[in-house]
Amino acid sequence: MNFRQIHLDFHTSEKIPGIGSAFSKEQFQRALKLGHVNSITVFSKCHHGWAYHPSKANEQHPNLKFDLLGAEIEAAHEIGVKTPVYLSAGLDEKMARRHPEWLRRQKNDTINWENPGYHEFCMNSPYLDYLIPQIEEVVRNYDCDGIFLDIVGVRTCWCQNCVKTLLDEGKDPYDDENARQLGERVYANYCRRVRETVDQIKPGLPVFHNSGHIRRGRRDLADVDTHLELESLPTGGWGYDHFPLSAAYSRTLGKQFLGMTGKFHTTWGEFGGFKHPNALRYEEALCTAFGAKCSVGDQMHPDGWMDEATYALIGEAYAEVEEREPWLDDVTSVADIAILSEEAVSNYYGSARITHSHGANADAGAVRIMLEGKYLFDVIDTEEPLDKYKLVILPDRARLDEKLAAKFRDFCGRGGKVLCTGESGLSWEGDSFVLDLGAAGVKPSSFRPVYFRPKFDLGVLSNSAFVIYSPAWDLEAEQGAEIPIERENPYFNRTTFAFSSHQHTPNDKSVRTPAATVGRDGAYIGAELFSEYAEKGSLIAKLLVEHMIDELLGDRKTLCTDLPAQGVVTMMDQKEQSRLVNHLLYASPVRRGNGIEVIEDIIPLYDIHVSLRTDHKPSRVYLAPEKEEIPFAWEDGVLSYTVPKLDCHAMAVIEYGAE
C-alpha cells in the first residue's frame, strides 16, 4: 500500500459542458510529479451516476467524448503511480429520478426532493443488480489497482422492498430492531456479492467500502475490507481530535490503513478552497506518526485539467513524507495504556445506538487526555488481547458482563491496572464493581454539578474545591482503600424556586465524601470525566485523570517528555529494522469562522527532552531523515536524549541492533 495517495473526486453534473476537454496526459503526469504522488484513486462512476468511460453496464457522461478513466490509468501507470478506481455505490442521481422506488426511505416514507443534493439507494432493491455489473465491467476492462466503493454501510430502510421482506418473514417492518437487523443482512449480502464479483476476475484485488467511519467494536464490518481508509478532514467537521482516535483503534486490527484528509479549506466539493501548507504538512505527519499511510482529497475540474496550485500544496507535505518513508513502514505501536472504547462496548452489547462518526464523547475525551499528557496508548475493543498493556482505561460507560469481568480479572491478576470512571467497571447486571477498585455502594448522585477536592498537589493549580459538571456517582470507600479525591455537594440543585447566582449553587464545605478510590486492581473516579473533557475541556478533569494514571503506572511509564500540551508524541517499533521511531509533532489548531479548525503558523520548538524506558539497549540515536546523530545516555534501562529542534515533525530513531 503506497504512502502518498490522492482521492480524486469527480462528481460532475450533466449540465456542465466539455467534460474532460482539457485533459492532457502530460499535464496530468506533471501534476502528480509536482505533488510527489504515488497512488491516485480515479473515477469510474460519480454521485450523479455517470460513467467516465465507455460502458454497457452504465451510461457515459453525455458531455464526455473519450475514455477518461482509461486515459488517467494509462498516464498514471506510465510514471509508476497506482490507480485504484472509485465507484459511487450508494448514490446515483440519474437513477434516483428514474427509479425513486429503489431509494432508501425513512420510516414515514419520505424523500427530500426540494433541496439540492443526492439521494441514497437501498441495496435490498433492484438497484444492487444494476450496480454489480458496473463493478464487474471496471475490474474486467481496466488495469485497476483496487476498488473504492462509496456511501455504503449498515442502514435502516423502510422502502417497500424492505417492508415486504420483513412482512414475508412474519415480522413487523416498523419495529426498529427488525429494521436494524435487516439492514445488517442487506449490507452483508451486498459485500458478499461485491467480493464474489471481483474475485471471479482478479482474486484478492483490494476493495474498500466507505461509510465515513470505522465503527469501533465491529470487526465484522472491517473484515469485508482488504484495508482501511480513515476519512477524517479536520476542517470538514471531523476536527483534529478524530483521526488520532480512529487511527489508534484501526492499527489494532491487523490491516494496513491510511488517513484521508483534504486539500480544501472546508470539505468535499469545494472548488477554489485551499488550506495552509503547514496544515497539510501537520496532517500528513500525524498520519505517519500513528502508523498510517496518507491520502489527500482533491476534486478535478470538470474539464479534466489538474490544478497545479493544488499539487504544489500537496507536494510540500508529500515531499517530507517521501523522505521519511524508510522509517515509517511495517511498524507496530508501543503503548502502555489501552482505552476500551465506549463505542466498542456499546456495539459489544448490541446497542442500537449508533455513535456519531466523530466518536463517542468519552472516547474523544480520553484520547485528548492521552495526547496532551504524552501517554503512549491504543484504543481497543472487547476482542483485543490485553497482554501488551500495563493499564486499561474504561471511560465513563463501560460496564462489564461476566465474560469481560473474567478477562479483566485475569489482566489484573497478572499485574495490570485499570482506571474506571462514571459507571465503568460496574457489573452489567447491577451497581456493584467486578474488580477491587476500593469503592462500593455506587449509585448515581442526585446533585449536579458537584465539587471535587483533591488531596494531592496539582502542580499548575493550588488546591481548592473544583466544579465537576458531568454526572457524578455516590460511593463508599472499602476498608483500607486509598481516597485521593473527596467530594463536596452544592447546598441544593438549581431550580426555579431555589437558585443562587448566575450558574450553579456553591459548595457546602461542611460535608465531604469519597470521590475517588484506589484498590488492589486499580482506581475509580465517581464522575464522567472523559466526557466532561471532550465537551467542556475542563482543565481540572484532565489534571485529576493524569494524576490517577501516573499513580497507577508508577515507574512503569515508558516515555516522558517536556513537549507542550499541544504536541503529539508516539513511539513505533520497526522490528525488522531493529529500531524504535519516536515521533514528535507540534502545531496549534485554532477556530475560525463557524467552528472551522485551521493551522497556519507552526512555531519551532527547541531542546525537547525525552526519556525512554526500554528493554532494548540502544546502539545509536539519530534524527531521520537527516541522519544527524543525537547524544544519548543509557542507565538502568532508561534512555535519555534531547531533540534539538522540532519544526512541525521530528523523528528520533533508536537503533537497538539484533538481540
Side-chain angles (χ1 to χ4, degrees), residues 244 248 285-286 288-291 324 326-328 331-337 369-378 388-391 415 417 457 459-460 542-543 546-587 602-659:
L286 192 66
T288 60
F290 274 81
R324 291 179 165 91
W327 296 272
L328 302 177
V331 297
T332 55
S333 66
V334 176
D336 292 332
I337 299 172
I369 291 175
M370 295 299 101
L371 293 172
E372 294 180 2
K374 308 300 172 283
Y375 299 102
L376 303 180
F377 71 98
D378 290 329
K388 172 181 177 179
Y389 306 106
K390 302 165 186 173
L391 171 67
K417 298 293 183 181
D457 183 14
V460 298
K542 177 174 74 168
L543 294 176
E546 287 180 348
H547 174 85
M548 300 298 277
I549 290 173
D550 291 342
E551 288 295 305
L552 293 172
L553 283 178
D555 62 4
R556 299 184 300 163
K557 186 176 181 181
T558 295
L559 184 145
C560 295
T561 179
D562 56 4
L563 185 64
Q566 286 302 305
V568 172
V569 61
T570 68
M571 183 71 70
M572 294 292 164
D573 193 352
Q574 205 173 26
K575 293 182 180 179
E576 290 190 6
Q577 305 296 328
S578 299
R579 61 193 181 200
L580 298 170
V581 183
N582 176 203
H583 294 265
L584 300 103
L585 294 82
Y586 187 79
I602 292 182
I603 308 301
L605 303 179
Y606 297 90
D607 297 330
I608 306 301
H609 302 289
V610 179
S611 66
L612 176 67
R613 184 175 296 277
T614 175
D615 294 332
H616 302 298
K617 183 177 181 179
S619 58
R620 180 188 179 201
V621 181
Y622 63 94
L623 294 175
E626 302 89 344
K627 296 187 178 180
E628 175 187 334
E629 299 288 331
I630 299 177
F632 66 92
W634 165 257
E635 185 176 356
D636 297 329
V638 177
L639 169 68
S640 301
Y641 53 89
T642 298
V643 175
K645 182 179 180 180
L646 168 56
D647 183 1
C648 182
H649 183 201
M651 297 193 310
V653 181
I654 300 100
E655 291 188 351
Y656 51 80
E659 297 183 3

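- Counting all heavy atoms, side chain and backbone alike, Ala285 lies closest to His649 at CB-ND1, 3.5 Å.
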Would you please test Val331 and Val581 for side-chain contact (heavy atoms from CB on, under 4.5 Å) and show each step? CA-CA 9 Å; Val331 297; Val581 183; 5.6 Å; no
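- Nearest heavy atom pair, residue Pro326 against residue Arg579, reads O-NH2, 2.9 Å.
- Remark: of the listed residues Thr570, Thr614, Val334, Val610, Val610 is the sole one forming a side-chain contact (heavy atoms from CB on, under 4.5 Å) with Leu559.
- The shortest side-chain heavy-atom distance between Arg613 and Lys557 does not fall under the 4.5 Å cut-off.
- Shortest non-hydrogen contact noted between Leu646 and Leu585 is CD2-C, 4.0 Å.
- Closest non-hydrogen pair, Lys374 versus Ala565, comes out as NZ-O, 3.1 Å.
- A 4.5 Å side-chain heavy-atom check between Leu553 and Ile337 finds at least one atom pair inside the cut-off.
- Ring geometry for Tyr622 versus Trp327: interplanar angle over 60°, hence perpendicular rather than tilted (30 to 60°).
- Without hydrogens or angle criteria, Thr561 side chain to His609 main chain gives a donor-acceptor distance under 3.5 Å.
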Quick one: do Tyr656 and Asp615 satisfy side-chain contact (heavy atoms from CB on, under 4.5 Å)? Show the steps, please. CA-CA 10 Å; Tyr656 51 80; Asp615 294 332; over 6 Å; no
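- A donor-acceptor pair under 3.5 Å is absent between the side-chain atoms of Thr558 and the main chain of Asp336, judged by distance alone.
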